[in-house]
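For clarity, every value in this text was computed on a predicted model and none was experimentally measured.
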Amino acid sequence: MKHAFIAGTGSFLPTRSLTNVEIEKTLDTTHEWIYERTGISSRHIAGDEETTSYMAAQAGFLALNAAGLKPDDIDLIIVATCTADFFFPSTACYVKHELGIRRTIPTFDMSAACSGFVYAFDVAKQYITSGAAQNVLVIGSEKMSSAVDWQDRSTCVLFGDGAGAVLLSVRDNPGVIASKIHSSYDRDAILTFPNAVVNPVNKLKMRGNEVFKLAVNMMGDIVDEILAESGLEKSDIDWLIPHQANIRIIKAIAKKLHLPMSQVIVTVENQGNTSAASIPIALDDAIRQQQVKRGDLLLIEAFGGGITWGAALVRY
């Protein structure tokens, strides 16, 4: 049987960092108010030339190099994003062009909000285990600064921009042990981002307390589900790499899993919530910082608009 494993990772963060102190000058808020509620002290804000497509390509280059592969070794590109530069051509098509891939491989974008990377990761795994692909580039790239209302302090302080990439390749022994994705229609509209084509003033809206409760409960349930399927225990997990929504959600999920924060990868303090990009950015950072090492068992999980949620167990 064919299995997927993580062959390489990469990430890109915009040059500009926007601190809470700077936000104090334009909003009725303080660094202390933001930090106490979110654990965020700064976030990266993309410039005009740092588009979602550009950031995706930069992260993709780095993942490709880390895996030691050539552009034409790639069989499929999936980009998870809810802030694409265009409806078409897709962000993934742009990445293929920028990487210099000459083969006419399939490429497409994936829309599942903050769960987008986990969704794309699951699809990539299916391509590899079925034998349809040997190397799949999975990218999360977001320009969330364009999606928020910068006068709404309940949302704008949470989000940042960036991109992360993972190169999944085929091998004989399991790397990606299991992955699960779920959805449920958000009829109460607790987390929405209406189409700006319909109305240019449409921006992301979120009812934070309700999102918090759902996220913690759903994340706990899906972890039990994926562990049971894999025949593993919570005590087997070396690292939890959660979607970097805010520190309160991250701590609540870790507590539910009986994991100490010393086994949780946290990058939200200086990056904010980068939606579909947050997990691959955090993973790449943890690998570069030599926290995550080959052989470690990783649990990645995310919750996002839709409502969507998902998780994966990975032997790195």
Side-chain angles (χ1 to χ4, degrees), residues 4 52 76 78-84 87 90-92 106 108-130 136 138-142 144 147 155 158-159 164 166 168 176-195 198 202-230 240-246 249-250 252-253 256-257 273-280 282 299-314:
T52 296
L76 168 67
I78 311 173
V79 177
T81 185
C82 59
T83 57
F87 287 117
S90 69
T91 308
F108 57 88
D109 291 355
M110 175 81 66
S111 177
C114 297
S115 303
F117 176 78
V118 177
Y119 263 59
F121 191 87
D122 179 80
V123 172
K125 180 201 74 172
Q126 309 292 351
Y127 264 83
I128 288 174
T129 57
S130 70
V136 182
V138 184
I139 303 173
S141 185
E142 301 282 21
M144 296 303 295
T155 56
L158 296 172
F159 293 94
V166 168
L168 283 181
V176 182
I177 297 169
S179 59
K180 287 282 183 181
I181 51 176
H182 295 306
S183 71
S184 176
Y185 180 61
D186 181 13
R187 62 172 56 88
D188 297 319
I190 67 170
L191 181 53
T192 62
F193 181 20
N195 192 335
V198 177
N202 281 336
K203 294 294 180 181
L204 184 151
K205 296 189 181 302
M206 177 172 66
R207 302 211 298 267
N209 288 335
E210 293 171 68
V211 170
F212 175 89
K213 293 174 185 176
L214 269 180
V216 173
N217 289 330
M218 288 178 168
M219 288 296 89
D221 290 344
I222 199 170
V223 169
D224 291 339
E225 181 184 351
I226 202 169
L227 285 171
E229 180 181 297
S230 305
L240 169 64
I241 308 179
H243 166 51
Q244 305 288 308
N246 66 62
I249 290 179
I250 293 171
I253 292 171
K256 200 172 182 70
L257 298 179
N273 179 346
T274 55
S275 188
S278 79
I279 288 175
L299 170 63
I300 65 174
E301 56 177 8
F303 174 95
I307 299 294
T308 57
W309 66 103
L313 273 174
V314 182

Novice: How many angstroms lie between CD1 in Ile279 and CZ in Phe121, if you round to the nearest 0.5 Å?
Specialist: 9.5 Å
Novice: Taking all non-hydrogen atoms of both residues into account, name the closest pair between Ala277 and Gly164 and its distance.
Specialist: CB-N, 4.2 Å
Novice: Could you state the interatomic distance from CD (Glu210) to CG (Leu191), rounded to the nearest 0.5 Å?
Specialist: 11.0 Å
Novice: Between Ile181 and Thr308, is there a side-chain heavy-atom distance shorter than 4.5 Å?
Specialist: no
Novice: Side chains of Thr91 and Asp109: do they bring a donor and an acceptor to under 3.5 Å?
Specialist: yes
Novice: If every non-hydrogen atom of Ala178 is compared with every non-hydrogen atom of Ser230, which pair is closest and at what distance?
Specialist: CB-OG, 3.4 Å
Novice: Compare every heavy atom of Gly304 with every heavy atom of Ala113, then report the nearest pair and how far apart it is.
Specialist: CB-C, 4.2 Å
Novice: Can you find a pair of side-chain heavy atoms, one from Met110 and one from Val138, that are under 4.5 Å apart?
Specialist: no
Novice: With heavy-atom distances below 4.5 Å as the criterion, would you say the side chains of Arg207 and Asp188 are in contact?
Specialist: yes
Novice: Within the 4.5 Å heavy-atom criterion, are Phe159 and Thr274 side-chain neighbours or not?
Specialist: no
Novice: Atom CD1 in Ile222, atom NZ in Lys180: separation rounded to 0.5 Å?
Specialist: 8.0 Å
Novice: So which atom in Ser179 and which in Ile226 form the shortest heavy-atom distance, rounded to 0.1 Å?
Specialist: CA-CD1, 3.7 Å
Novice: Only one of Asn273, Thr83, Thr52 forms a side chain to side chain donor-acceptor pair (under 3.5 Å) with Glu142, so which one is it?
Specialist: Thr83
Novice: Of all the heavy-atom pairs spanning Ala80 and Ala276, show the shortest one and how long it is.
Specialist: O-CB, 3.7 Å
Novice: Between Gln244 and Ile250, does a side-chain contact (heavy atoms from CB on, under 4.5 Å) hold up when you go through it step by step?
Specialist: CA-CA 7 Å; Gln244 305 288 308; Ile250 293 171; 3.6 Å; yes
Novice: Starting at OG1 of Thr155, measure out to NZ of Lys203 and round the result to the nearest 0.5 Å.
Specialist: 10.5 Å
Novice: Are the side chain of Tyr119 and the backbone of Trp309 linked by a donor-acceptor contact shorter than 3.5 Å?
Specialist: no
Novice: Would Phe303 and Ile249 count as a side-chain contact (heavy atoms from CB on, under 4.5 Å) here? Give the steps.
Specialist: CA-CA 10 Å; Phe303 174 95; Ile249 290 179; over 6 Å; no
Novice: From the options Leu257, Val314, Ile253, Ile241, select the one residue that forms a side-chain contact (heavy atoms from CB on, under 4.5 Å) with Leu299.
Specialist: Leu257
Novice: Nearest 0.5 Å, what's the CD1-OH distance between Ile78 and Tyr127?
Specialist: 7.0 Å
Novice: Quick one: closest heavy-atom pair of Ala252 and Val216, and the distance?
Specialist: CB-CG2, 3.7 Å
Novice: I need the Leu214 CG to Ile307 CD1 distance, nearest 0.5 Å.
Specialist: 6.0 Å
Novice: side-chain contact (heavy atoms from CB on, under 4.5 Å) for Asn217 and Lys256? Distances and angles first, verdict last.
Specialist: CA-CA 9 Å; Asn217 289 330; Lys256 200 172 182 70; 4.0 Å; yes
